[in-house]
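Shown next, in C-alpha cells, is the structure this report addresses.
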Amino acid sequence: MIETTLERGVGLRIRPWLGIAAAASFVVASFMALIWAPADAVQGEVYRIIYVHVPSAWLAYLAFVVVFLASVGWLWSRRPLFDAIAVASAEIGVLFTGLALVAGSIWAKPTWGVWWTWEPRLVTTAVMFVMYVGYLLLRGLSTDFQRRATRAAILGVILVIDVPIVHLSVLWANSLHQLPTVLRAAGGPALDSSMLLTLMVSVAAFTLVYAYFMSARVAIELVRQERLWIRT
Amino acid sequence: MRTVQGDASLRDVTVIFDDRPIIRGLSLEITAGLTLIRGPNGAGKTTLLRVIAGMVPIAGGERRVDGETLYIGHRPMLLRGLTARENLSFYSRFRGLQDAAVADALRGWGLDGKMDRAVERLSAGERRRAAMARVEIERVPLLLLDEPFADLDEGGITRVRDCILSARDEGRTVVVATHGHPELDALAALRLLMNEGVARAA
Amino acid sequence: MRTVQGDASLRDVTVIFDDRPIIRGLSLEITAGLTLIRGPNGAGKTTLLRVIAGMVPIAGGERRVDGETLYIGHRPMLLRGLTARENLSFYSRFRGLQDAAVADALRGWGLDGKMDRAVERLSAGERRRAAMARVEIERVPLLLLDEPFADLDEGGITRVRDCILSARDEGRTVVVATHGHPELDALAALRLLMNEGVARAA
Amino acid sequence: MNRIALVAARELRAERRQPDGIVAATTFIAVLVLLESLVVGPVIARDADVAAALFWIALAFATILTTMRSFDRELEDDALDALVALPGGRDALFGGKVLALTAMLLLVAAVGGILSLVLLDLPLALPIHLAIVVLFGVVALPPVVIVDVILALRLRARAALVPILALPVLVPQLVAATRGASAALVGDDVGALSWAGLLFAFAVVYAVLGLTIVPAAIE
Amino acid sequence: MNRIALVAARELRAERRQPDGIVAATTFIAVLVLLESLVVGPVIARDADVAAALFWIALAFATILTTMRSFDRELEDDALDALVALPGGRDALFGGKVLALTAMLLLVAAVGGILSLVLLDLPLALPIHLAIVVLFGVVALPPVVIVDVILALRLRARAALVPILALPVLVPQLVAATRGASAALVGDDVGALSWAGLLFAFAVVYAVLGLTIVPAAIE
Ligand code: HEM
Ligand SMILES: Nc1ncnc2c1ncn2[C@@H]1O[C@H](COP(=O)(O)OP(=O)(O)OP(=O)(O)O)[C@@H](O)[C@H]1O
Ligand SMILES: Nc1ncnc2c1ncn2[C@@H]1O[C@H](COP(=O)(O)OP(=O)(O)OP(=O)(O)O)[C@@H](O)[C@H]1O
Ligand SMILES: [Mg+2]
Ligand SMILES: [Mg+2]
C-alpha cells in the first residue's frame, strides 16, 4: 500500500527529532520543577508532584480526544491509519491516566492523610481509566481487523464524554480535590508566576513525549497492518 | 473479465478472519438466473454468500448489490420462542409486505398444524421448510441459499428444487451453494468452483 | 415378532412431548449390522434415536440396551470454546481410552491444521467431520447416527459411508437415520419406515 | 419508524413467550431488596440514600442481564443475521431494542420500586417526582447497555466485557438517578426535578449517538 | 472420581478460553463494591456487617451467573447431550461442575474479598479466620445452585426460575456466611469458627444430596 508506506516514511524522518526534543525538554522541565521553582507556602516541597500530576492528567485528556478524532476519522473514511492512531493514543492515554492516578495518590497521602478517598474527581478519573482499559480489552478480544476497528471507533466516540465530566467533576458536590486553578472560566490562572511557568514547561515536555510515543507506536501498528495486508 | 452488468458484483474482494484470508481477491458478476457454488468443505462457500449478502466486513475490494437480498444459511435463522408464522410475518412486514401470504406458504411447505408452534419444537426438516417458505413470501430479486436441501425428505427436496427453478424462471437471481444435487449443474447459468477462498468458473 | 436377542430393544415405547404423542407404542429389536431409519420430516426419527440412546424420558413401554452407545445428532455436539482435539480427547478419556488416537483420526477426517481451532470457528462440514471422527475413536458397540451425511462434500460422504460399513463389518451395530443415500438400502439388515411416530419394517 | 416498532414488537412477543429477561430481572431486584433488608439490617437499608443506591445498582445489573439475554436469544440459530440482512435491519435494530427493553425495564423498575418502598418501609415525600425520576432514570439505561452489547457481540468473553464497558459509562447516570430518587424520597422537589432533567439529557444524547453510529457496528 | 475430574478439567479449560463466567463474576463483585462505596458513602459501606452482607449477596449472584453461563455453553450445539449420553456421564456431571465452579468461585471470592478490604479500608482482625469462613462459604454455594440450574434446564424462562429456586434456599447460608465474615473482621474468633463449621455442614449436606439424587433429573 503506497499510502501506508508514505505515512511510515514521513514518520521515520520526524521521529528522531521528536525524540531529541522530548528528551531535552524533559531535562529542562525536571530542573525547573525540582530546583528552580520555589517551595509552596502551605505544602512545602510535596507540592512539586504537581509538575507530574497535572501534565499527565491533561495529556490523558489530549490522548483521549485524539482517540475520539481518529475514531471519527475511521468511521468516516475507513482508512487504516486512523485505527493505528486510535490504538496508539488510547494506550498512551491509559498510561498517562495511570500516572496521574499514582501521582495523585502519592500526593494525597501527605496532604489528605489517605491514599484514596471517595470523591468525584478521583472517582471519575478512576472511571475514565477503567473505560479505556475496557476499550483496549475490546480491541484485544476482537479477532479481525475490520470489526475491531469499527467497534473500537464507536467506543472511542462514546467514551470521550467522560473527559469533560472528569474536568467538571470538582464543581459538583463537596470536593476535596483542588478546584480548577489554571484552566478557569473566570480570570487568569491563580498561581505564582514561576510555578505557572514551570508547570507550562512540564506540560510542553509531556506533550513532546506524547508526540514521540505516538509516532513510534503508530509506526509499529502500521507495520503490523502492512504485514497483514501483504499476507492476503 | 465479463462486462455484463449483474445484479451483484464483487471486485477483488478479500475477507480475513483471525488474520487468515478466507476469501482471496475474488471477483464475480452475478446476473439473473441460477448460479451454483461448489467446492469442498471449508472452501469458503458460506463466507462468499455472506459477503454478497453484506453480512461480513470485507478487508479489501468492492461489493455492489442492486436490490434486496434474502440469505438463508446453514441454520434456519428463525428466532426461538416465536412460532414459524410469527417469524415469517415479521420478516414480510419488515419488507413492507402484507403478512396474509404467510399461512398459505407455510401450509404449502407442509407445516399445516405446526406453524403455531415455537420453532425450537419443530424437527430439523420442519424448521428448514419454514425457513425456505421465506423465498415464496418475501419475493426479493436476489436469493442466496446455503445448502437449502439439508435435512429435507424426498418431497421437501423436490419442493426446494421447484422453488429455485421457478424463481429463476421469474427472472430472479438465485445463488445456491450445495454439495449434492448434480442435476442442477445443467440448469445453472454460472457454476463456480471454490477452493481455499479462490473461485473459478467451471 | 422376532425373538432374536438384539443389542437394543424397545417394547411398546411411547414418547410424549407437549401432550402430543411423538412415538406411539413402538417395538423394535436392533441387532448387529446396519439398521436404516427412513421417513418424512417430522416422522420421529430423531426422537427414536434419542430414545435408544437413553436421552428422552419415555412415557410408557420398556427400553433395554446392552453396552455403550454413541449418538451423533443433527448438531455436532461439540463444546464451543474448546478445539476439536480437546473435545474428542475428553470424550475418549471419559470412556477410559487413551487420547493418542484423536489427532490421527482428525487428520484422517481432513482436519489437519484445523484441529486446534475452537469448533465454532470451523465450517459446517468441518464440524461434522470432527463429530464423525468420534465413531473411529470411541469404538462403541452401538452407533446411532442422525443424518451423518449432512454438510459434507463428496469426499466426506464417501468417508462416512466407508466408516459405517467398516463398523458394520466389525460386527458393531449401526443405526442410521437419513433421507438420501438409497445405496445404503441394499446393505441394511433392517429398514424401518417411520411415519407419525409409528415404525414398520420396509 | 415502523420498522423500529416491528423489531420492538417482536422482542416483546418473544419475551412474553419466554419471560427470561423480565422475570429474571424482577426476581433479581426483589431478592436483592429482600436480602438487603435481611442481612444489612432494616435500619440502614431504610435510609433513603442507601435504598436508592441499591435500587439503581440492581436496576443497572438487571438492564445488563436483560439486554445480554435478548441478544443471546437472537444469536441462537443465527436469527440476528436474518434481521441484519433485511433492508433497513441494521438501523431498526438499535431503536427497536431500545424501545422494547425500556418498556420491559419500566415494568421491572415499577415492581422493584414498589417492593423496595413497601418492604423497606421507606418514607415517600413526593411520589410524582419519584415516578418522574424513575422514568427518566430507566429511559437512560438501555441505550448505553445496548450499544455495549452490540460492540461485544459474538466475542469470546462478551459476558465479561459488557459489564466492564457499560458500568463505568453508567456511573454518572446512576449517581444522578440515586440523588434524584433520594431527593424525591426526602421531599426535595427542585433537586428531584433537576436530576430528572439531567437523566433525560443523558437518555437523549445516548439515543441519538446510538441511532447514528451504532448501525455501522452490527454484523 | 476420575470422570468427575475430567468434567471439571473440561469446564475449567473452556472457561480459560472464554473467561465468561469468571471475569463477569469478578467484575460484578468489583463494580458492586465500587458503586456501593460510591453511592452508599464510605462510612456506611465500611461497616463490617454491611460490607460482609453485600459481599455475600454479590457472591451468590456471581455463583448463579457463572453456573447458568456454564450450562448455557453446554446447551449450544447440544454438547450437554453428548456428555449425558456417555456412560457414567450423568453421575460425573454434577460432581465435575461442582468442583470446577467451586474453584472458579474461590478465585472470584479472593479477588472480590481483597478488593473489598482494600477499597473499603475495612478492619481485619483475624485474617486466617476470614479465609476459612470465605472458603467454606464459597464451597457451600455451588451445589445448591447447580441442582437448581439442572432442574430448570431447557425450560422456558429458566433464567428467571433459577434465582427464584436458588436464593430462598441460600438464605441460611448467606446469613451464616455474613455473620462469620463480620465476626472475623471484628475479631470474634469463636463466632467465626462456629459459623464456618455450619457452612461446612451445609456444603457436605448439599453435595451428598446432589450426588445421589441429581443424576435422575438430567436429560
Ligand atoms: C488519586 C488522587 C488524584 C486524582 C485521581 C487526581 C486527578 C486529577 C485530574 C484528572 C486533574 C486534571 C483536572 C483538569 O484540569 O480537568 C487534576 C488536576 C489537579 N490536581 Fe489532582 N488528583 C488527585 C490528587 C490530587 C491531590 C492530592 C492534589 C493536591 C492536594 C491534587 C491537586 C491537583 C491540582 C492543583 C490540579 C490542577 C487543577 C487545575 O489547575 O485545573 N490532586 N487532578
Ligand atoms: N468464525 C470463523 N473464524 C475463523 N475462521 C472461520 C470462521 N468461520 C469459518 N472459518 C474458516 O473459513 C473457511 C471457510 O469457511 P466456510 O464456512 O465459508 O466454508 P464452506 O465452504 O461453507 O464449508 P462447508 O462446505 O463445510 O459449509 C474454513 O476453513 C473455516 O475453517
Ligand atoms: N422439543 C419438542 N417439543 C415438541 N415437539 C417436538 C419437539 N421436537 C420435535 N417435536 C415434534 O416431534 C415430531 C418428531 O420430531 P423428530 O425431530 O423426531 O422428527 P424427524 O423424523 O427427526 O424429522 P426430520 O427428518 O425433520 O429430522 C415432529 O412432529 C416435531 O414437530
Ligand atoms: Mg458452508
Ligand atoms: Mg431429525
Side-chain angles (χ1 to χ4, degrees), chain A residues 64 68 71-78 83 90 94 97 118-169 171-174, chain D residues 49 53 60 64 84 90 94 140 143-176 178-180 182-183 191 194-195 198 201-219:
Chain A
F64 296 145
F68 166 74
S71 301
V72 173
W74 164 266
L75 291 174
W76 201 271
S77 69
R78 310 273 157 167
D83 188 58
V94 167
T97 315
W118 296 104
E119 187 274 347
R121 164 70 52 83
L122 274 55
V123 171
T124 48
T125 310
V127 162
M128 182 163 81
F129 183 74
V130 175
M131 279 180 176
Y132 283 91
V133 168
Y135 173 92
L136 294 178
L137 270 178
L138 176 70
R139 299 193 64 103
L141 289 167
S142 312
T143 47
D144 44 67
F145 182 77
Q146 308 290 319
R147 288 186 176 139
R148 171 169 53 223
T150 305
R151 291 175 174 198
I154 287 172
L155 201 59
V157 170
I158 293 173
L159 295 188
V160 81
I161 296 173
D162 198 48
V163 169
I165 292 182
V166 176
H167 179 64
L168 297 174
S169 58
L171 305 177
W172 299 349
N174 42 338
Chain D
D49 265 344
I64 292 176
V84 167
R90 260 170 241 263
F94 178 80
V144 177
V145 177
I146 291 172
V147 169
D148 290 324
V149 170
I150 289 175
L151 291 179
L153 209 64
R154 268 187 255 265
L155 294 186
R156 294 163 168 237
R158 60 176 177 275
L161 201 54
V162 171
I164 297 181
L165 291 179
L167 288 169
V169 181
L170 289 177
V171 166
Q173 275 155 268
L174 293 177
V175 172
T178 302
R179 295 262 193 283
S182 85
S194 55
W195 287 115
L198 184 63
F202 272 122
V204 171
V205 169
Y206 285 120
V208 169
L209 261 180
L211 283 173
T212 48
I213 64 173
V214 168
I218 303 170
E219 353 92 20

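Below, chain A is the first sequence line, B the second, and so on; all start at residue 1. Side-chain atoms are counted along with the backbone in the values below, which use heavy atoms only and exclude waters and symmetry mates.
Heavy-atom minimum distance, Val130(A) versus Pro168(D): CG1-CG, 3.6 Å.
For chain D, no part of Val133(A) is nearby; none of its heavy atoms comes within less than 4.5 Å. With a 4.5 Å cut-off on non-hydrogen atoms, Leu161(D) touches chain A through its side chain but not through its backbone. For Val147(D), the part sitting under 4.5 Å from any heavy atom of chain A is the side chain, from C-beta outward, and nothing else. Heavy atoms closer than 4.5 Å to chain D are found nowhere in Arg148(A), neither backbone nor side chain.
Contact check for Leu209(D) versus Ile161(A): side-chain heavy atoms found under the 4.5 Å cut-off.
The candidate from Leu155(A), Ile154(A), Leu141(A) with the greatest count of non-hydrogen atom pairs under 4.5 Å with chain D is Ile154(A). Chain D forms more heavy-atom pairs under 4.5 Å with one residue of Leu138(A), Ile158(A), Thr150(A) than with any other, namely Leu138(A).
A distance of 13.0 Å separates CD1 in Ile164(D) from CE in Met131(A), rounded to the nearest 0.5 Å.
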